There are 2 protein chains.
Amino acid sequence: MLDVDRLTTVIEDFNTIFIRLPSVRRLNFSALSVLHTLHRRGPLRLTDLLATEQLKQPALTSLVAKLEQDGLVQRRPDPADGRASLLSLTSTGQELVRSRHTNRVTKLTGLVEQLTPEERAVLAGSIDVLHRLTALAEDTP
Amino acid sequence: MLDVDRLTTVIEDFNTIFIRLPSVRRLNFSALSVLHTLHRRGPLRLTDLLATEQLKQPALTSLVAKLEQDGLVQRRPDPADGRASLLSLTSTGQELVRSRHTNRVTKLTGLVEQLTPEERAVLAGSIDVLHRLTALAEDTP
DNA sequence: CCGACTTACATCGAAAATTGATATAGTCGG
DNA sequence: CCGACTATATCAATTTTCGATGTAAGTCGG
């Protein structure tokens with residue numbers, strides 16, 4: 001049987017080593033989260049971005065303004081709504097997100113190499129399930 | 001074969017739904033991280049705690065002071081070193097960490113129920129591997 | 001066991017991030 | 001085109017974080 005409680009604990013603990021990378025450009029967690037969300041979800045209005053982030057709207061407004069000044073985020077007017085803008089990553093912003101991803105891949109690769117072939121096979125098999133779990137979570141709430 | 005790149009992406013994306021819980025007591029990410037670390041690693045000196053957290057020492061000092069005032073963290077003198085104190089969670093602090101864990105378990109349970117039995121079996125099998133991966137990460141750096 | 005060095009943590013002032021309240025400007029149904 | 005609503009911006013106050021520096025306890029060679 002699947003022990004969800006233990007699965008949760010294991011993921012919580014795994015994340016302590018997965019999430020914490022030294023962040024290059026003095027970006028805090030909120031900023032990195034915004035960049036990651038924009039990377040995944042393409043152009044978003046500020047309000048839609050707000051739904052994912054643990055920030056109030058004024059904080060997000062000023063964070064986005066700062067990321068824009070840093071050349072990581074672009075905004076263009078929303079053709080469908082004069083009040084809104086569409087936010088997306090600049091190529092520099094994409095580069096940064098990719099670079100953090102690459103760091104994680106490198107780190108994980110080093111660990112995975114120490115596993116047995118059987119253990120690696122288990123991980124390989126879990127990829128699609130984790131993906132489906134994420135998709136379910138995004139549909140369900 | 002195990003595609004580490006894709007595994008990394010899948011975990012990154014999964015985390016966007018796993019990590020972000022509405023936090024009860026106005027605790028920010030740094031505070032939650034400290035509480036989680038103390039919960040996992042038992043009593044720690046400030047300097048040892050510092051190694052896990054993405055904060056500079058003065059910021060951690062004041063964060064811990066605040067958590068202490070909020071009744072979530074305790075400090076007692078380190079018997080082995082007069083300069084240091086040992087930090088640990090109060091029972092309220094433990095309660096809070098457990099409560100967040102329970103929220104995640106609830107959320108995950110709802111998702112897992114929508115999986116097929118085969119998919120659940122895959123997840124069950126991956127628990128030990130994820131655990132081992134974490135252990136490796138903590139030994140390796 | 002003493003002086004020099006190191007380590008653990010605290011303090012301080014300044015900069016940055018976040019918030020609640022409120023303003024502004026665009027949209028939409030009738 | 002009016003009133004209600006929505007998207008985002010602005011503002012002042014609070015909180016968080018930081019770099020520089022202080023203080024006190026520990027360590028270590030002679």
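Numbers restart at 1 for each chain; the letters A, B, ... are given by sequence-line order, proteins then strands. Quick caveat: nothing in here was measured; it's all calculated off a predicted structure.
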Asks: If you restrict it to nitrogen or oxygen atoms, what contacts under 3.5 Å exist between nucleotides 3-6 of chain C and the protein, and what is each distance?
Replies:
none

Asks: In whole angstrom, what separates B:Lys56's NZ from C:dA10's P?
Replies: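 So the NZ-P distance, B:Lys56 to C:dA10, works out to 18 Å.
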Asks: Strictly distance-based, threshold 3.5 Å: is any side-chain N or O of A:Thr102 a donor or acceptor partner for the main-chain N or O of A:Arg98?
Replies: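 Yes, the answer is positive, given that a donor and an acceptor are paired below the 3.5 Å cut-off.
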Asks: Ignoring backbone atoms, establish whether B:Arg45 has a side-chain N or O less than 4.0 Å from OP1 or OP2 of D:dG26.
Replies: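 Checking D:dG26 against B:Arg45, no side-chain N or O comes under 4.0 Å of OP1 or OP2.
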Asks: Taking only heavy atoms on the protein side, list every residue of residues 62-76 of chain A lying under 4.0 Å from any atom of DNA chain D, sorted numerically.
Replies: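 Residues of residues 62-76 of chain A that come under 4.0 Å of DNA chain D are, in numerical order, A:Arg75.
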Asks: Identify, with sequence neighbours excluded, every residue that meets side-chain contact (heavy atoms from CB on, under 4.5 Å) alongside A:Thr109.
Replies: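 For A:Thr109, the residues satisfying side-chain contact (heavy atoms from CB on, under 4.5 Å) (neighbours in sequence not counted) are A:Val105, A:Glu113, B:Val4.
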Asks: Which of these passes side chain to side chain contact (heavy atoms under 4.5 Å, CB included) with A:Leu108: B:Asp5, B:Leu2, B:Leu7?
Replies: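 Single side chain to side chain contact (heavy atoms under 4.5 Å, CB included) partner of A:Leu108 among B:Asp5, B:Leu2, B:Leu7: B:Leu7.
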Asks: Return the nearest nucleotide to the side chain of A:Asn28; candidates are D:dA20, C:dT18, D:dA9.
Replies: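 Given the options D:dA20, C:dT18, D:dA9, the side chain of A:Asn28 is closest to C:dT18.
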Asks: Grab the CD-P distance between B:Gln57 and D:dG22 for me, whole Å please.
Replies: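 In whole Å, D:dG22 P lies 15 Å from B:Gln57 CD.
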Asks: Using a 4.5 Å cut-off between side-chain heavy atoms of Ile, Leu, Val, Met, Phe, Trp and Tyr, which other residues end up in the same hydrophobic cluster as B:Ile19?
Replies: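 The other cluster members (ILVMFWY side chains, heavy atoms under 4.5 Å, direct or chained) are A:Ile19.
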Asks: What is the distance, rounded to the nearest whole Å, between atom CG of A:Leu55 and atom C1' of C:dG20?
Replies: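 The distance from CG of A:Leu55 to C1' of C:dG20 comes to 14 Å, rounded to the nearest Å.
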Asks: Find which nucleotide of DNA chain C each of A:Ser30 and A:Pro79 is nearest to by heavy atoms, and output the residue with the more 5' nucleotide.
Replies: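 Closer to the 5' end of DNA chain C: A:Ser30.
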Asks: Can you pull the side-chain hydrogen bond (donor to acceptor under 3.5 Å, both in side chains) pairs that have at least one residue in residues 127-136 of chain B, sequence neighbours excluded?
Replies: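 Listed by first then second residue: A:Arg6-B:Asp128, A:Glu119-B:Arg132.
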Asks: Grab the CG-C1' distance between B:Leu60 and D:dT17 for me, whole Å please.
Replies: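 Result: 11 Å.
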Asks: Under 4.0 Å between any heavy atoms, over every strand shown, what does A:Asp81 touch: base, sugar-phosphate, or nothing? Just pick one.
Replies: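 Sugar-phosphate, backbone atoms only, no base.
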Asks: Quick one: B:Arg26 CZ to C:dT19 C1', roughly how many Å, whole number?
Replies: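 B:Arg26 atom CZ is separated from C:dT19 atom C1' by 8 Å.
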Asks: Round to a whole Å and report the spacing from CG of A:Leu50 to P of D:dT8.
Replies: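 So the two atoms are 9 Å apart, to the nearest Å.
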Asks: Whole angstroms only, please: what is the CG-P distance between B:Asp78 and C:dA8?
Replies: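 So the two atoms are 10 Å apart, to the nearest Å.
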Asks: What pairs with A:Asp48 under salt bridge (Lys or Arg N to Asp or Glu O under 4.0 Å), at least two apart in sequence or on another chain?
Replies: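 Testing A:Asp48 for salt bridge (Lys or Arg N to Asp or Glu O under 4.0 Å), a comparison that skips the adjacent residues, returns A:Arg45.
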Asks: Using a 4.5 Å cut-off between side-chain heavy atoms of Ile, Leu, Val, Met, Phe, Trp and Tyr, which other residues end up in the same hydrophobic cluster as B:Phe29?
Replies: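 Hydrophobic cluster check, B:Phe29: joined to A:Phe29.
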Asks: Taking salt bridge (Lys or Arg N to Asp or Glu O under 4.0 Å) as the test, write out the residues that go with B:Arg41, two or more places apart.
Replies: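 Per chain and number, B:Arg41 pairs via salt bridge (Lys or Arg N to Asp or Glu O under 4.0 Å) with B:Glu138.
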Asks: Any idea which of C:dC9, D:dT8, C:dC12 is nearest the B:Pro58 side chain?
Replies: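 Of all the options, the side chain of B:Pro58 is nearest to C:dC12.
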Asks: Name every donor-acceptor pair, under 3.5 Å, that has one atom in a side chain of residues 55-65 of chain B and the other anywhere in the protein, sequence neighbours excluded.
Replies:
residue	atom	partner	partner atom	Å
B:Gln57	NE2	B:Thr61	OG1	2.9
B:Thr61	OG1	B:Gln57	O	3.1
B:Ser62	OG	B:Ala59	O	3.3

Asks: Can you sort out the partners of A:Pro43 under side-chain contact (heavy atoms from CB on, under 4.5 Å), two or more places apart, ordered by chain and number?
Replies: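 Only A:Arg76, A:Leu86, A:Ser88 meet the side-chain contact (heavy atoms from CB on, under 4.5 Å) criterion with A:Pro43.
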Asks: Under 3.5 Å, which donor-acceptor pairs do the side chains of residues 66-75 of chain B form with other protein atoms, sequence neighbours left out?
Replies:
residue	atom	partner	partner atom	Å
B:Glu68	OE1	B:Arg75	NH1	3.2

Asks: Take the protein atom CG of A:Leu44 and the nucleotide atom P of D:dT8, then report the distance between them rounded to whole Å.
Replies: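 Result: 10 Å.
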Asks: Please find the pair of heavy atoms, one from B:His39 and one from B:Val97, that lie closest to each other, and give the distance.
Replies: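 Heavy atoms of B:His39 and B:Val97 come nearest at CG-CG1, 3.6 Å.
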Asks: Does D:dA9 have its OP1 or OP2 closer than 4.0 Å to a side-chain nitrogen or oxygen of A:Thr61?
Replies: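 Result: yes.
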Asks: Once you build an axis from the first five pairs and another from the last five of the helix from C:dC1-D:dG30 to C:dG30-D:dC1, how far apart in angle are they, to 10 degrees?
Replies: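 Roughly 40°, once rounded to the nearest ten degrees.
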